[in-house]
Amino acid sequence: MDLLHELNSPQREAVTSTEGPLLVLAGAGTGKTRVLAYRIAYLVGPMGVSPHDVLAVTFTRKAAGEMRDRVRSLVGDVGHGMWIGTFHSICARILRYEARSLGFPPNFTIYDEHDQAALIKQVLKTEEKSETRGSPAGILSRISAVKSQLIRPEEFRARATGHRDTELARLYEAYEAGLRENNALDFDDLIVMPVRLLRANDQLLDRVSGRFRYILIDEYQDTNFAQYELIRLLSSGHGNVCAVGDDDQSIYQWRGADVANILNFEKDFPGTRVIRIEQSYRSTKTILAAAQAVIKNNRRRKDKELWTANPVGRKIGVNGVLSEEEEGAFVAATIAELVKDEGKTLSDVAVLYRTNAQSRAIEDALRRQGMPYILVGGTRFYERKEIKDIVAYLRVLVNPADSISLRRILNVPPRGIGDVTMSRLESHAVEQDISLLEAIEGSGRIGEIGPGIRRKLADFVSLIDGLKSAAASGSIGELISTVAEDTGYIAFLEDQGTPDAVARLENVRELAAGAYEYEERAEEPTLEAFLEEISLLMDIDMWDNTGERVSLMTLHNAKGLEFKAVFLAGVEEGLLPHHTALEDDAEVEEERRLFYVGLTRARERAFLSIATSRRGFHGFLTRSVSRFLHEIPPEHVEYLSDVYEAYGRGGADDGNYSGEEIVIQVGAWVKHPDWGIGRVKACEGYGRELRVTVDFGHNNVKKVLARYAGLEPVDEGEV
DNA sequence: TACATTGCGATCCGT
DNA sequence: TCGCAATGTA
């Protein structure tokens, strides 16, 4: 069959070794997505496997869609009935599918991080105020770490030793109870629940694992323990698991991904066959060699030698600039050159960065040049306030137990129900052991609530009842319009009349349009499934590269993509590697992998830019060149400016520059070797031009160039 | 008691 | 820059 002729020999082996566990170690650009698609095609084509027997897990919904399309183009439209999706969407599907037989409510709500934060804040309020240290987000991430290790609250409490863990165990327990009360699942639950159910119920395990006779997982290096366990359970009967991954591209350990999954695969799945694919088809020799040289500095990795038959190509352009503005200008000007001189189109180009905040300066520069771009990420559509408000109404209609959503909308738009009423309702609900909605429905019996407010609450109840009947009939798009209209949300926004409100109105309309689009596309559209879909939607899922636009995204979002030309912006100590990672070797290694992922997105051209000064929160951050740049052999690099030499390599012109990041901001304390300790009164300009006015006391006020003055930051304690 | 305003603090990456 | 918490005002 000519399906196999288009593959190299290890690829072909990976495609045709259909039985038993298989680990494919495929480096950047070696065609691992291709292998997966061909493998599925091989199974459902020549092998005659029913598409229903195949389960393919990808990292994004977008990748799942592309996989499906590729399979379709190889073997025709047999893809129907094939389960291709992300871990989270597949698990949500399994949960709804099996819910009834397990006595589990299928109308659960999926809580995103905002909902989780709202819930944990409630927990913190009710729990006694024993020094609950840490932000809600911090607590949640610790809970998530424990939870994705499949450790239940009771177990965690039992083995908790320190005060800190005991405290966390209490919060974890209360948080879990809160989720159950609200009939809600968080992202971890989506994986953890099916695992628990499969472990506890042999019949279920037989049924589900018997269904998927061939399992494929993409980006295996980014799976966490719960996901590993899920795969282990699902494949326990037949062992037909094919995991594809690259430990050098593991960039989600901060989120609980465990690279041990890929490193221990052979041990965990006895009889594993390992296939390495080391020929890269993507990048030039130069880019590949540079990336390899950098990643070799990581200690914890499987050694591998990627090679390519591609041309040597151009050197990697490195440009030092003085500010974000200059960085943006450099990027825009260079893109214009690539278009003019090399015939690149804008969709061939991506600008990648470590943090979303970096996009603004790039966007400004591109806009100034009149260069169209598409931004992936930033504030997401479904996280906008107005969208979350409308969605909260929909959630309450589907899942009346969801008090987090209910709380959100009870007084939105404002209808005269304030904090005090809210707390009365809540304590009543707790006392009577009923849901918040039931408390509202029965508010006539709550003595503390006055007749005026009772009336308002009754109005709210009939509003919800009306919407419930609207939800029962008619389309989802229509329902959204009805919700927006009947709740007074539209009128509320119209009354404001600000440009901001106009934009919000537009977004609400777009939500309805999105729902209509969903209804056309889905085989069996339901409100539950629509809500699930938008909960699990990722920024990158909405990206399409068909237009004539430059793509802007974070390094994380760029995983799995490729472009002819790639810009890495902000290749600086403190940004890449990020300053929060500097303390810990393992985290620096993850930053290095991130750099590696970024560089290997490029097929022909790569550019790195370094801004030696960036605007911080209030002042300026002075930055030095990333260590990762120094790890690239000089013969692969071409310096496009001399700033790099002056600041990065040579240290400073005046010998005072320490190479460390210093923060200059108004009000900060600084130290000077001659003048002693002083306080910054003003800042102007940036980079080389950054001048600061420092008051050293005793009428000694100096206005100096920050960079060359030999100023050092001073701890609060020293002052 | 509800709602507007001000001020402050946090800011990495994202299912 | 933005969202949230504390504060002020009707």
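Just so it is clear: chains get the letters A, B, ... in the order the sequence lines come, proteins before strands, and each one is counted from 1. All figures in this text were calculated on a predicted structure; none of them were measured in a lab.
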For Arg354(A), which of His578(A), Glu572(A), Glu591(A), His556(A) qualifies under side chain to side chain donor-acceptor pair (under 3.5 Å)?
Glu591(A)

Within this structure, what is the CD1-to-P distance between Ile251(A) and dC12(B), rounded to whole angstrom?
17 Å

Side-chain contact check for Arg360(A): nearest option of dT1(C), dT15(B), dC3(B) is dT1(C)

Any donor-acceptor N or O pair under 3.5 Å, side chains Asp247(A), Gln221(A):
no

When rounded to whole Å, the CG to P distance for the pair Asn557(A) and dC12(B) reads 16 Å

Please determine, for the side chain of Ile453(A), which listed nucleotide (dT15(B), dT1(C), dA2(B)) has the closest atom?
dA2(B)

Output the residues of residues 589-601 of chain A in contact with DNA chain B, where contact means a heavy atom of the residue under 4.0 Å from an atom of the strand; sort by number or write none.
none

Which value, rounded to the nearest 0.5 Å, describes the distance between Lys388(A) atom NZ and Tyr382(A) atom OH?
13.0 Å

Rounded interatomic separation in angstrom, taking CD from Glu533(A) and P from dT15(B):
14 Å

Quick one: on DNA chain B, does Glu587(A) or Thr421(A) contact a more 5' nucleotide (nearest heavy atom)?
Thr421(A)

Is Trp254(A) stacked on the base of dC13(B) when the test is centres under 5.5 angstrom and planes under 30 degrees?
yes

Would you classify Arg424(A) as touching base, sugar-phosphate or nothing, given that sugar-phosphate means primed atoms plus P, OP1 and OP2, and contacts are heavy atoms under 4.0 Å?
sugar-phosphate

Aromatic rings Tyr97(A) and Trp83(A): how do their planes relate, parallel, tilted or perpendicular, breaks at 30° and 60°?
perpendicular

Could you tell me the separation between the CZ atom of Arg408(A) and the CG atom of Asp389(A), rounded to the nearest 0.5 Å?
4.5 Å

Starting from C1' on dC13(B), measure out to CZ on Phe187(A) and report it in whole angstrom.
15 Å

If you pin Pro414(A) and Ala581(A) to their nearest nucleotides in DNA chain B, which one's is more 5'?
Pro414(A)

Examine dG14(B): is either OP1 or OP2 under 4.0 Å from a nitrogen or oxygen in the side chain of Thr554(A)? Give yes or no.
yes

Starting at atom NE2 of His578(A), determine the distance to atom C1' of dC13(B), rounded to an integer number of angstrom.
8 Å

Using the side-chain hydrogen bond (donor to acceptor under 3.5 Å, both in side chains) rule, take Thr58(A) and Asp218(A) through it: C-alpha gap first, then chi angles, then the decisive distance, then the call.
CA-CA 5 Å; Thr58(A) 59; Asp218(A) 195 10; over 6 Å; no

Starting at atom CD1 of Ile417(A), determine the distance to atom C1' of dT1(B), rounded to an integer number of angstrom.
13 Å

Checking the side chain of Asp115(A) only, and the main-chain atoms of Asp112(A) only, is there a donor and an acceptor separated by less than 3.5 Å?
yes

Quick check for you: among dG14(B), dT1(B), dT1(C), whose closest atom lies nearest to any side-chain atom of His556(A)?
dG14(B)

If you look at every strand shown and take non-hydrogen atoms under 4.0 Å, does Asp188(A) touch a base, only sugar-phosphate, or nothing?
nothing

Candidate pair Asn557(A) and Asp539(A), rule side-chain hydrogen bond (donor to acceptor under 3.5 Å, both in side chains), full reasoning
CA-CA 8 Å; Asn557(A) 268 320; Asp539(A) 292 323; 4.5 Å; no

Roughly how many Å is it from CD in Gln253(A) to P in dG14(B), rounded to a whole number?
17 Å

Rounded to whole Å, CG of Asn356(A) lies from C1' of dA10(B) at a distance of 16 Å

With a non-hydrogen cut-off below 4.0 angstrom, is Thr580(A) in contact with a base, only sugar-phosphate, or nothing?
base

Of the candidates dA2(B), dG14(B), dA5(C), the side chain of Lys121(A) sits closest to dA5(C)

